[in-house]
Amino acid sequence: MPTPERNDFIRDIIASDLQTSKFEGRVHTRFPPEPNGYLHIGHAKSIQLNFGIARDHNGLCNLRFDDTNPEKEEQEYVDSIVRDVEWLAGDLKGRIYFASDYFRQMYDWAVTLVREGKAYVCDLNADEIRRTRGTLTEPGKESPYRNRSIDENLDLLDRMRRGEFPDGSKTLRAKIDMASPNINLRDPIMYRIVHEAHHRQGDAWCIYPTYDWAHGLEDSIERITHSICTLEFENHRPLYDWFLDALGIYHPQQIEFARLNLSYTVLSKRKLLQLVQERHVSGWDDPRMPTVAGYRRRGYTAESIRVFCDRIGVSKKDSIIDVATLEWSIREDLNAHARRAMAVLRPLKVVLTNYPEGQTEELPAVNNPEDESAGSRVIPFGRELYIEQDDFREVPPPKYYRLSPGTEVRLRYGYIIKCEKVIKDASGAITELHCTYDPETRSGSPAANRKVKSTIHWVSAKHAVNAEVRLYDRLFMKEDPNDAEEGKDFLSNLNPNSLEVLRYCKLEPMLGSAAPGDRFQFERMGYFCADSADSKPGAPVFNRIVTLKDTWAKIEQKGKPG
RNA sequence: UGGGGUGUAGCCAAGUGGUAAGGCAGCGGCCUUUGGAGCCGCCAUUCCCAGGUUCGAAUCCUGGCACCCCAGCCA
């Protein structure tokens, strides 16, 4: 599929840089996650942007772990991030980098700044630094340690590095301007002392660089041309530029865009972590999670996520994308590519009283009406069937076209049937339907063209495969999950019905051999994916990816008062 | 009340002085052996507001207003 032509303000900037040969005609981006959690759909937007831009310009894009804080980072997250990025962006061909590999170079550069009187060791503790930083409207106060001699600073920095001082007792600070209206420029911290093992460096270091100090250096080392990040870093750009200029090293251009927000969804790493740790979901890859791993397990295709990211655009405006836009992108993809199948989720037995006992027929069915090359298959038919409970109403509401006493309906790829009798148990619950079929109306025969109001799906009772099907709904009930009542938080907006497990589903035989990860459209029900963890051939477990558009549900809803 | 940003339809988003693209959602209709898909049509006399410049302004100027970000030794 050709890449759709896109233009956004970032691509405009790059086009103009190419015009002026600003970076010798190179385009080199990077995606720099911190390995402190799983990637989510917001990261997917950034991945698609950064890797997409590189692809569009025959450039390069690095996956770079911004692993400068050993207190929060773990190898498990590194592994999951590599997996997710490759799923979305393709083979990285080894372009995987770690900020921690640059720690020595960063340290040497810090020494350079100290030598030039542009950085100093400060003995103020965290609390004192906060108090002397000033406020939004008042300037800060200079640290009493700001004017130490270069030699003393050099000595102290060296001893910090060698572990002579306890956590938090000293920092290395850039000497910029305590009165700057931009708080980030009020002598920002470059190094803090943290005696903690790093997931890759072990105990090699006990001082770790802060984001502001490290990030531009990482970009510079990798010869990045355009360093694309989210809006909250806009205030940090003057610092990014300051460090690079003070060092006189290669200077990429930072560009900021608005991060993704999705309605009915939470996309903060802290909150996603909380959902996992407090077991509100089964894990980072729970199919209800907005993580890349979650969507993958749910059954979303990488292509649908890429298309989604392309279609929502890139700008600097804070926005909240309607989840319906995401759902539309997966439906669009699966409509074109998913094989169709018959599956009855909530079975209701139907006996065709005039159909010969013991007889079985094989009915041809199309695998995908949108794609002739998908071919066809054969489905067994017999005297006893299952249909969807929802496809029968003893007292049909207005505009209800499906089966009810005395009415006719077509069985997909089969015959037209008529409901003759409703069988109930002692409690009055419907247990089965007695119907008659019209032998002249087998699909494909001339009499089959008779108009009936609707066509329903079914599965032959004798041949049905039993399965578990998991119906997922949105995790949060509120468009803005953070909009909670006084004293409550986003958890109070969790949807108690976000998962419904159906254990007695009846599938057409072909589905029994589905491999984990296989996707189908269950006709009239939605798109489903064999669960990658729990589904086994012979004992399938399906996840509902997304429903089909349901016009009847809308009509029925409108008919209800209120 | 400091600094940095952003305002175009319900949600996104193009538009860069020449008379408001497109997608999602919604609404009508056609078609249909999936109430799916598809197709057709409707959906901003107006671009946060007020002035100004201009033959002509969403685009330029002036002044307002609203919202977001920044006072971690997180990123």
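When the side-chain nitrogen and oxygen atoms of A:T325 are compared with OP1 and OP2 of B:G23, none of them lie within a distance under 4.0 Å. A:K451 has a side-chain polar atom (N or O) that falls below the 4.0 Å cut-off from OP1 or OP2 of B:U33. Checking the phosphate oxygens (OP1, OP2) of B:G4, no side-chain nitrogen or oxygen of A:K316 falls inside 4.0 Å. Contact check, A:K453 against B:G35: no side-chain N or O comes under 4.0 Å of OP1 or OP2. For the OP1/OP2 pair of B:G15 and a distance below 4.0 Å, the side-chain nitrogens and oxygens of A:N7 include at least one atom meeting the criterion. Contact between the side-chain N/O atoms of A:R186 and the OP1/OP2 oxygens of B:C70 is not found at any separation under 4.0 Å. At the phosphate of B:G35, neither OP1 nor OP2 sits under 4.0 Å from any side-chain N or O atom of A:R402.
Pairing for B:U19 is absent, with no Watson-Crick or G-U wobble pair whose two atom distances lie under 3.5 Å. Pairing for B:G36 is absent, judged as Watson-Crick or G-U wobble with the two contacts each under 3.5 Å. Under the Watson-Crick or G-U wobble criterion, with both distances below 3.5 Å, B:U6 is paired with B:A66.
Base orientation of B:G29: anti, since the glycosidic angle falls outside 90° of 0.
For A:N335, the side-chain atoms get nearest to B:G36 when compared with the rest of B:A75, B:U6, B:G36. Considering only side-chain atoms of A:R192, the nucleotide from B:C74, B:G35, B:U33 that sits closest is B:C74. The listed nucleotides are B:G36, B:C74, B:C12; the one nearest the side chain of A:I320 is B:C12. Residue A:D318 has its side chain nearest to B:C68 when only B:C73, B:C68, B:U33 are considered. Here the nucleotide nearest the side chain of A:Y211, chosen from B:U33, B:C12, B:A75, is B:A75. In the set B:G35, B:G36, B:U33, B:G36 carries the atom at the smallest distance from any side-chain atom of A:K549. Of the candidate nucleotides B:G5, B:U33, B:C74, B:G5 has the atom nearest to the side chain of A:E234. For A:K399, whose side chain is taken as the heavy atoms from C-beta onward, the closest listed nucleotide among B:G35, B:C12, B:A71 is B:G35. Checking B:G28, B:U34, B:C24 against every side-chain atom of A:K558, the shortest atom distance belongs to B:G28. For A:K554, whose side chain is taken as the heavy atoms from C-beta onward, the closest listed nucleotide among B:G36, B:A71, B:C27 is B:C27.
Figure legend: A:R200 and A:F98 shown as a cation-pi pair, the cationic atom lying under 6.0 angstrom from the six-membered ring centre and within 45 degrees of its axis.
Nucleotides B:U62 and B:G26 are separated by 43 Å at their P atoms, to the nearest Å. Separating the C1' atom of B:C24 from that of B:A13 is a span of 11 Å, rounded to the nearest Å.
Per the stacking criterion (ring centres < 5.5 Å, plane angle < 30°), A:W552 stacks onto the base of B:G35. Taking the 5.5 Å centre cut-off and the 30° plane limit, the aromatic side chain of A:W328 is not classed as stacked on B:G23.
Residue A:G37 is out of contact with every strand shown, counting any heavy-atom pair closer than 4.0 Å. Across all strands, A:S319 comes closer than 4.0 Å only to sugar-phosphate atoms, never to a base (heavy-atom distances). Within the 4.0 angstrom heavy-atom criterion, only backbone atoms of the sugar-phosphate kind lie near A:I312; the bases stay farther away. Within 4.0 Å of A:N125, counting heavy atoms only, lies at least one base atom of the nucleic acid. Residue A:T68 is classed as a sugar-phosphate contact, given heavy-atom separations below 4.0 Å to backbone atoms only. If you check every strand for non-hydrogen atoms under 4.0 Å, A:H457 touches nothing. Heavy atoms of A:E327 sit nowhere under 4.0 angstrom from any nucleic acid atom. Across all strands shown, A:R340 has heavy atoms under 4.0 Å from base atoms, whether or not it also approaches the sugar-phosphate. Within 4.0 Å of A:V194, counting heavy atoms only, lies no atom of the nucleic acid at all. Nucleic acid contact for A:T171: base, since at least one base atom lies under 4.0 Å from a heavy atom of the residue. Contact annotation for A:E34: backbone-only contact, meaning every heavy-atom pair under 4.0 Å involves sugar-phosphate atoms and none involves a base. Counting non-hydrogen atoms under 4.0 angstrom, A:I129 reaches a base of the nucleic acid. Residue contacts for A:Y413: at a heavy-atom cut-off of 4.0 Å it reaches a base atom on one of the strands shown. Using a 4.0 Å heavy-atom cutoff across all strands shown, A:L326 reaches no nucleic acid atom at all.
Checked options A:I228, A:D66, A:L39, A:L49; the residue passing with A:F31 is A:L39 (criterion: side-chain contact (heavy atoms from CB on, under 4.5 Å)).
In the interface, the side chain of A:N235 is paired with the base of B:C69 through a donor and an acceptor atom under 3.5 Å apart.
Atom CZ in A:R133 sits about 6 Å away from atom C1' in B:A71, given to the nearest Å. Protein atom CD1 of A:I545 is 15 Å distant from nucleotide atom C1' of B:G36, rounded to whole Å. Residue A:D391 contributes atom CG, which lies 13 Å from atom P of B:U34 at whole-angstrom precision. Spacing between atom CD of A:Q254 and atom C1' of B:G5 amounts to 13 Å, rounded to whole angstrom units.
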What do the steps show when you test A:V266 against A:L272 for side-chain contact (heavy atoms from CB on, under 4.5 Å), and what is the final call? CA-CA 7 Å; A:V266 121; A:L272 293 178; 3.9 Å; yes
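Between A:R346 and A:D390 there is no salt bridge, since no side-chain N of the basic residue sits under 4.0 Å from a carboxylate O of the acidic one.
Of the possible polar contacts, one joining the A:D187 side chain to the A:I176 backbone as a donor-acceptor pair under 3.5 Å is found.
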